[in-house]
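If you scroll down you'll find the structure; I have some questions about it.
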Amino acid sequence: MISFIVPAHDEEQLLGRTLWGITDAARALDEVFEIVVADDASTDATPAIAERFATRVVRVDHLIVYPMDTGHGPELVGSAADALEPLRD
């Protein structure tokens with residue numbers, strides 16, 4: 001499985017295109033994939049866009065919303081750990 005981790009903070013203008021681009025690329029590879037959207041306390045529609053994409057378009061396995069702006073470092077580490085969790089079982 002391929003895990004795509006998408007850090008996001010106030011990305012409402014780009015997130016939809018980004019998720020579609022990832023989906024198209026993954027489908028072209030004919031691989032099982034997951035998309036992990038790690039939202040870093042966005043104040044715009046970023047979380048809603050990710051949720052809408054997850055429920056109406058493809059399966060976004062994880063939507064992580066951080067309650068405060070932690071920066072992309074902690075966001076990426078936490079998201080990577082979450083994506084790897086099934087491998088530890």
Side-chain angles (χ1 to χ4, degrees):
M1 177 179 347
I2 299 173
S3 296
F4 296 93
I5 301 171
V6 181
H9 178 76
D10 292 338
E11 301 292 341
E12 69 182 6
Q13 298 297 317
L14 299 174
L15 186 60
R17 286 182 289 192
T18 300
L19 296 176
W20 273 114
I22 290 169
T23 300
D24 291 344
R27 286 180 177 162
L29 293 172
D30 198 30
E31 291 285 338
V32 175
F33 68 98
E34 69 176 351
I35 300 172
V36 178
V37 178
D39 181 65
D40 192 18
S42 289
T43 58
D44 65 0
T46 297
I49 291 167
E51 289 171 2
R52 189 168 53 246
F53 193 85
T55 59
R56 296 186 183 152
V57 182
V58 298
R59 184 168 170 227
V60 176
D61 285 329
H62 307 287
L63 174 62
I64 302 167
V65 179
Y66 291 90
M68 56 187 222
D69 188 353
T70 60
H72 286 317
E75 174 182 303
L76 289 173
V77 171
S79 300
D82 192 44
L84 294 172
E85 188 62 35
L87 299 177
R88 294 185 188 123
D89 294 336

Is a side-chain N or O of E12 found less than 3.5 angstrom from the main chain of D44, in a donor-acceptor match?
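No, because the side chain of E12 does not come within donor-acceptor range (under 3.5 Å) of the backbone of D44.
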
Whether the side chain of D40 engages the backbone of H9 through a donor-acceptor N/O pair (distance < 3.5 Å, no angle test) should be reported.
no

Hey, could you give me the CG/CG distance between L29 and D24, rounded to the nearest 0.5 Å?
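Atom-to-atom, L29:CG and D24:CG are 11.0 Å apart.
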
Inter-residue atom distance D10.CG - L15.CG, 0.5 Å rounding:
11.5 Å

Examine the side chains of E34 and S3 and answer whether a donor and an acceptor come within less than 3.5 Å of each other.
yes

Would you say the side chain of T23 lies within less than 4.5 Å of the side chain of F33, judging by non-hydrogen atoms?
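They are in contact (side-chain heavy atoms under 4.5 Å apart), so the answer is yes.
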
Under 3.5 Å, side chain of T46 to main-chain N/O of S42, donor-acceptor pair present?
no

Any link between L14 and I22 through a network of hydrophobic side chains (Ile, Leu, Val, Met, Phe, Trp, Tyr) touching at under 4.5 Å?
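Different clusters.
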
Considering all heavy atoms, the nearest R17-Q13 contact
NH2-O, 2.9 Å

Any side-chain heavy atom of I49 sitting closer than 4.5 Å to one from V37?
no

Do the non-hydrogen side-chain atoms of V6 and V36 ever get within less than 4.5 Å of each other?
no

